[in-house]
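Everything below concerns the one structure shown next.
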Amino acid sequence: MVVEGLLFSYNTMPKISIMFWCFLLLPLVFYCSEANQKVGIYELKKGDFSVKLTNYGATVLSVVLPDKNGKLDDVVLAFESLKDYSNDSVYFGAIVGRVANRIGSAQFSLNGVHYKLVANEGKNTLHGGLKGFSDVVWTVKSYIEDSHITFTYNSLDGEQGFPGDLVVSVTYMLVETNKLAIKMEAKALNKATPVNLAHHTYWNLRGHNSGDILSHHLQLFGSNITPVNDQLIPTGEIAPVKGTPYDFLEAQEIGSKINELPDGYDINYVLDPSSYKHLRKAVVLRDSVSGRKLELWTNMPGLQFYTSNKLDNVKGKDGFVYKKHAAVCLETQGFPDAVNHPNFPSQVVKPGETYLHVMVYRFTAA
């Protein structure tokens with residue numbers, strides 16, 4: 001299943017070719033996971049660009065790409081060993097869900113039924129609960145080294161308190177030169193349920209072992225944020241970023257105003273709309289030392305910008321110890337706690353409907 005044709009223009013959103021749209025619209029495959037599945041490591045590689053993944057949490061373990069001088073570096077944070085992921089509380093590189101981000105008081109009501117979820121961050125639910133999608137073994141459905149890998153997972157009715165059976169799929173694809181596309185799908189089988197999947201990779205374009213990202217330059221195409229309370233639960237407001245430390249509409253160093261915040265950035269941006277039939281351009285991230293640039297497009301309305309505030313001497317790959325602000329997470333998503341805020345875009349997927357989340361990264365160096 002070779003995917004062609006993400007056609008990019010430097011001044012426009014990426015246009016999606018007919019073949020790519022056909023790929024996105026392929027029906028979600030129903031597949032029952034086998035018990036006691038093995039956890040493995042898989043590599044996607046095309047030229048100097050490679051991505052390593054595991055079916056534990058459908059997790060990205062490494063992204064290796066050249067800098068402006070052709071030097072290869074791994075630009076994502078990860079653990080040294082797969083066994084470390086079983087005790088992971090930072091969600092390195094994982095797909096998180098059934099509902100990413102936070103649900104206030106670990107509860108919601110839907111169609112007249114009140115659901116109580118598993119709380120795992122104080123009284124709230126974070127990234128799906130104590131055992132979300134980042135902590136399960138996914139099935140490898142399809143794998144071609146120079147093209148793509150597809151993971152599937154069947155989430156059962158009542159899992160972590162969520163209603164209904166849900167069939168989930170995530171595909172990582174290498175597209176053209178140094179482009180990575182991610183497609184997340186979920187189909188509700190028998191009950192309406194909230195679904196909000198997110199990809200939780202920690203990026204440091206200078207290299208995972210290079211220190212902090214405060215000198216990275218960020219441009220984030222979101223004119224508003226969803227303010228939060230002291231537990232990082234949205235208040236329901238939508239507030240403009242202009243004139244605040246959250247304003248990255250023009251590119252600037254991540255560390256330029258971070259000291260004006262109590263701990264760093266951990267907030268959902270309301271992404272500005274795109275033109276018809278185009279993905280939204282969400283982010284441009286640059287590192288001047290390596291010359292690497294990451295650009296990100298998505299079909300989602302929100303993006304969680306997180307400056308790894310809670311990393312505290314976490315031992316990672318090659319024995320390197322990750323500290324606060326060692327990386328940045330750029331998690332495209334629906335709005336946090338949307339199931340409890342009717343004014344936020346709905347995340348409810350009804351039986352027979354399919355949730356679709358698309359991310360496209362383009363990496364360059366100059």
Side-chain angles (χ1 to χ4, degrees), residues 24 28 58 91 94-111 115 117 121 124-129 132-134 153 155 159-164 166-170 182-188 191-201 220-229 231-239 265-274 279-283 296-306 329-350 353-360:
L24 292 181
L28 187 62
Y91 306 95
I95 296 295
V96 293
R98 175 177 306 196
V99 174
N101 217 303
R102 293 168 176 87
I103 296 179
S105 300
Q107 59 186 325
F108 65 91
S109 295
L110 180 60
N111 295 335
Y115 294 98
L117 307 175
E121 189 186 57
N124 306 310
T125 296
L126 173 65
H127 294 329
F133 292 175
S134 59
Y153 176 66
S155 179
E159 192 171 310
Q160 301 297 298
F162 289 100
L166 190 74
V167 178
V168 189
S169 170
V170 57
I182 306 173
K183 179 182 71 169
M184 292 167 261
E185 283 186 292
K187 187 166 186 176
K191 292 181 183 178
T193 182
V195 179
N196 183 28
L197 306 181
H199 176 61
H200 208 293
T201 285
L220 203 163
F221 299 95
S223 300
N224 296 278
I225 57 170
T226 52
V228 294
N229 63 20
Q231 297 178 44
L232 300 180
I233 303 298
T235 62
E237 302 171 88
I238 294 178
Y265 292 95
D266 192 2
I267 195 72
N268 174 65
Y269 281 75
V270 180
L271 295 176
D272 296 335
S274 67
L279 300 176
R280 305 169 192 254
K281 190 169 189 178
V283 160
L296 172 61
W297 288 262
T298 186
N299 66 333
M300 287 288 106
L303 180 143
Q304 190 80 11
F305 172 40
Y306 175 55
C329 297
L330 304 165
E331 308 158 59
T332 58
Q333 60 178 6
F335 296 176
D337 199 32
V339 75
N340 290 312
H341 296 283
N343 59 313
F344 287 177
S346 175
Q347 296 168 4
V348 174
V349 179
K350 299 175 183 177
E353 294 181 344
T354 299
Y355 163 97
L356 176 64
H357 180 174
V358 177
M359 307 174 74
V360 179

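The structure presented is a predicted model; accordingly, all values stated were derived computationally and were not measured.
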Q) Of the non-hydrogen atoms in Ala338 and Pro345, which two are nearest, and what is the gap between them? A) CB-O, 3.7 Å
**Q.** Sidechain-backbone polar pair: Asp337 side chain, Ile233 backbone, donor-acceptor under 3.5 Å
**A.** no
Q) What distance do Leu197 atom CG and Ser134 atom OG have between them, rounded to the nearest 0.5 Å? A) 11.5 Å
Q) Rounded to the nearest 0.5 Å, what separation is found between the CG atom of Leu220 and the CZ atom of Phe305? A) 7.0 Å
Q: State whether Lys183 and Glu185 are salt-bridged, where the test is any N-O pair (Lys NZ or Arg NE/NH1/NH2 against Asp/Glu carboxylate O) under 4.0 Å.
A: yes
Q. If you take all heavy atoms of Gln304 and Asn101, which pair is closest and at what distance?
A. OE1-ND2, 2.8 Å
Q.
As a quick check of understanding, evaluate side chain to side chain contact (heavy atoms under 4.5 Å, CB included) for His357 and Thr332, giving each step before the final call.
A. CA-CA 9 Å; His357 180 174; Thr332 58; 2.7 Å; yes
**Q.** Over all atoms of both residues, closest heavy-atom pair of Val348 and Glu353
**A.** O-OE1, 4.1 Å
Q) Can you list the steps and then say if Tyr115 with Ile103 is a side chain to side chain contact (heavy atoms under 4.5 Å, CB included)? A) CA-CA 11 Å; Tyr115 294 98; Ile103 296 179; over 6 Å; no
**Q.** Geometric class of the Phe344/His341 ring pair [parallel <30°, tilted 30-60°, perpendicular >60°]
**A.** tilted
Result block: side-chain N/O donor-acceptor pairs under 3.5 angstrom for residues 104-111, not counting sequence neighbours:
residue: Gln107; atom: OE1; partner: His114; partner atom: NE2; Å: 2.7
residue: Ser109; atom: OG; partner: His114; partner atom: ND1; Å: 3.1

Q: Evaluate the criterion side chain to side chain contact (heavy atoms under 4.5 Å, CB included) for residue pair Arg102 and Leu126; output intermediate values, then yes/no.
A: CA-CA 5 Å; Arg102 293 168 176 87; Leu126 173 65; 3.7 Å; yes
Q) Are any of the side-chain nitrogens in Arg98 or Glu159 under 4.0 Å away from the carboxylate oxygens of its partner? A) no
Q) Is the side chain of Asn299 donor-acceptor paired with the backbone N or O of Val358 at a distance under 3.5 Å, no angle test? A) yes
Q) At their closest point, which heavy atom of Tyr269 faces which heavy atom of Gly222, and how far apart are they? A) CD2-O, 3.7 Å
Q | Under 3.5 Å donor-acceptor, Arg280 side chain and Leu271 backbone | A | yes
Q.
Nearest 0.5 angstrom please: Leu296 CG to Lys281 NZ, how far?
A. 10.0 Å
Q. From Asn124 CG over to Leu232 CG, what is the distance, rounded to the nearest 0.5 angstrom?
A. 9.0 Å
(Q) A side-chain contact here means heavy atoms from C-beta on lying under 4.5 Å apart; do Leu166 and Thr193 qualify? (A) yes
Q: Please identify each residue that fulfils salt bridge (Lys or Arg N to Asp or Glu O under 4.0 Å) with Glu237, with sequence neighbours left out.
A: none
Q) Donor-acceptor pair, Gln347 side chain versus Phe335 backbone, under 3.5 Å? A) yes
**Q.** Gap between atom CG of Asn268 and atom CD of Glu331 - 0.5 Å precision
**A.** 9.5 Å
Q. Between Pro163 and Ala192, which heavy-atom pair has the shortest distance, and what is it?
A. CG-O, 3.5 Å
**Q.** Spatial distance of atom CG (Asn196) from atom CE (Met184) [nearest 0.5 Å]
**A.** 9.5 Å
Q. Do the ring planes of Tyr91 and His200 sit parallel (below 30°), tilted (30 to 60°) or perpendicular (above 60°)?
A. tilted
**Q.** Closest non-hydrogen atom pair between Val99 and Pro194, with its separation
**A.** CG2-O, 3.6 Å
